[in-house]
Amino acid sequence: MLIEQVVQVSPVSELIEEPVRFEPRPRSESPIDPLQDCQNWTWQQVTSRAVTDPSTLASLLGISNASLTSVTQENAFGLRIPHTFIARMQQGNPADPLLLQVLNQREEQQIREKFSTDPLHEHTGSPCPGLIHKYSGRVLLTVASACPINCRYCFRRHFPYEDNRLTPSTWQPALNYIRQNPSIQEVILSGGEPLMLKDSVLDTLLEEIETIDHVQLVRIHTRFPVAVPQRLTDPLIDRLSTMRMPVTIVLHTNHPNEINNTLIQALAKLRSSPVTLLNQSVILKGINDCPEILNRLSRKLFSAGVLPYYLHVLDKVQGAAHFSIDDSDARQLHQALVDQLPGYLVPSLVREIPGQAAKTRL
Ligand SMILES: *Cc1c(COP(=O)(O)O)cnc(C)c1O
């Protein structure tokens, strides 16, 4: 049984191919195709030109406006999708697994019991603005308020970023807190999106962190390179490669279709640097809650130089209930990966429980 499953694993060359696309439909009449063109944009251009209205989205995907009728605009956390991410969606498919991660559907408006606006009680773990100290030995800096992409299941979708955004003029209290706590060995840049920071600002922040002797590790939690591979610029990679302490980047990828050749090429530059690349995923109903998809994701990540790290069950954030699956289903899904994959390709199945100093294994 096991041997059969191992033999069925595709060779690496097959794993790095573009996802199979639906029958292409003609796109808009415009002479410039933004989905092709976006590959040549800078990351700032991709970010500022993100699609925020459903009819543009529908026309780029070659689907009728009517197939997006579930979209609602009454949400402060609006539709926001960069062209580079849309380019990986299947043309003509309103149920595309990448589209469903970022499409604001009517279900979001339902107020559901046990789903809250602060599922992780992060307002209680913050000793000063922009710093969350809930894990032992580690702190999170929420360094940027926005993201280039609004994922609908985001557990910080209601986070009061305005009060917690770190800038060079406001980050001293957070840095002092780290300086005064020798137990803090790791600083995790989180968000929003830490890579929303301009390179010069990020550089200054990293310099400050490097001066704190007891900080031995730096980590960046980011979905930015997945949404916009252009963000992995040579200067950024050089900066991370020359930090005095080991740097880890934890990417966030949920579906194998997110890993296209553009992303693989961008990650190739990081692979030849000292930076460690890990990935975390969230189990999302109707998107990746199936062993075959998660199996393919793990293998594709590995062939791009990224190790699967965490598989999260959904944080119960208000507006994301339609992505939720039962714990027993999550365990079954994880067991299937254990049965099918080498151990180093099986992410840990975890849940975030408010008040716990570490994640809880399911
Ligand atoms: C879990 C988590 C961390 C800490 O991760 P560990 O790898 O368990 O130390 C940091 N940031 C976010 C957003 C997390 O979910």
Side-chain angles (χ1 to χ4, degrees), residues 77 101 116-127 130-161 164-166 174 177-178 181 183-197 205 209 214-227 245-254 275-284 301 306-317 320 323-324 330 334 344 346-362:
F77 184 71
Q101 291 181 51
S116 91
T117 55
D118 181 17
L120 307 185
H121 299 192
E122 289 189 319
H123 59 276
T124 57
S126 180
L131 184 141
I132 298 171
H133 192 181
K134 61 179 177 178
Y135 304 114
S136 97
R138 293 151 284 173
V139 291
L140 273 82
L141 296 181
T142 52
V143 288
S145 55
C147 281
I149 186 165
N150 283 351
C151 303
R152 306 320 301 177
Y153 51 85
C154 179
F155 70 90
R156 294 211 183 108
R157 56 182 291 166
H158 308 282
F159 191 69
Y161 280 116
N164 284 283
R165 196 161 68 94
L166 287 188
Y177 179 90
I178 301 171
N181 280 273
S183 71
I184 299 169
Q185 292 176 344
E186 181 170 26
V187 174
I188 302 170
L189 306 188
S190 186
E193 242 306 336
L195 296 184
M196 283 297 275
L197 292 188
L205 178 62
I209 294 168
H214 54 266
V215 176
Q216 295 300 317
L217 298 166
V218 164
R219 199 182 333 169
I220 301 178
H221 277 217
T222 176
R223 184 154 164 79
F224 207 139
V226 178
M245 63 280 269
V247 176
T248 303
I249 295 184
V250 182
L251 296 170
H252 174 180
T253 315
N254 298 314
V275 174
T276 301
L277 283 172
L278 305 175
N279 182 69
Q280 53 182 343
S281 306
V282 186
I283 304 176
L284 299 167
L301 283 167
V306 185
L307 278 175
Y309 179 40
Y310 279 146
L311 181 61
H312 292 260
V313 296
L314 188 80
D315 295 317
K316 293 195 177 312
V317 65
F323 292 119
S324 183
H334 186 253
Y344 59 90
V346 181
S348 298
L349 180 65
V350 291
R351 141 162 309 123
E352 188 79 20
I353 299 178
Q356 301 281 329
K359 296 205 197 296
T360 303
R361 262 77 183 167
L362 248 74

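Read the numbers this way: they start at 1 and go in the same order the structure lists the ligands and their atoms. Counting begins at 1 with the first residue of the sequence.
- When Glu193, Gln280, His252 are each tested for a side-chain hydrogen bond (donor to acceptor under 3.5 Å, both in side chains) with His221, only one passes: Gln280.
- Scanning the protein heavy atoms around atom 3 (C) of ligand 1, the nearest turns out to be Tyr135 CE1, 3.5 Å.
- With hydrogens and angles ignored, the 3.5 Å screen pairs no side-chain donor or acceptor of Arg157 with any backbone N or O of Phe155.
- Atom 6 (P) of ligand 1 has its nearest heavy-atom neighbour, among Lys134, Arg138, His312, in Arg138.
- Among all protein heavy atoms, the one lying closest to atom 8 (O) of ligand 1 is Tyr310 OH, 2.6 Å.
- In this structure, Thr248 has no side chain to side chain donor-acceptor pair (under 3.5 Å) partners at least two apart in sequence or on a different chain.
- Evaluated by nearest non-hydrogen atom to atom 15 (O) of ligand 1, the leading choice among Gln280, Glu186, Lys359 is Lys359.
- Judged by distance alone, the side chain of Ser126 and the main-chain N or O of Leu131 form a donor-acceptor pair under 3.5 Å.
- Of all heavy-atom pairs spanning Asn254 and Ser281, the tightest one is OD1-CA, 3.4 Å.
- Counting protein heavy atoms only, atom 10 (C) of ligand 1 is closest to His221 CE1, 3.4 Å.
- At least one N or O atom of Tyr309 sits closer than 3.5 Å to an N or O atom of ligand 1.
- In this structure, Arg219 is part of the shell of residues with a heavy atom less than 4.0 angstrom from ligand 1.
- By the criterion of a heavy-atom distance under 4.0 Å, the side chain of Leu140, and not its backbone, is placed next to ligand 1.
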Give every donor-acceptor pair under 3.5 Å between a side-chain atom in residues 355-362 and any protein atom, sequence neighbours left out.
| residue | atom | partner | partner atom | Å |
| --- | --- | --- | --- | --- |
| Lys359 | NZ | Tyr135 | OH | 3.4 |
| Lys359 | NZ | Glu352 | OE1 | 2.5 |

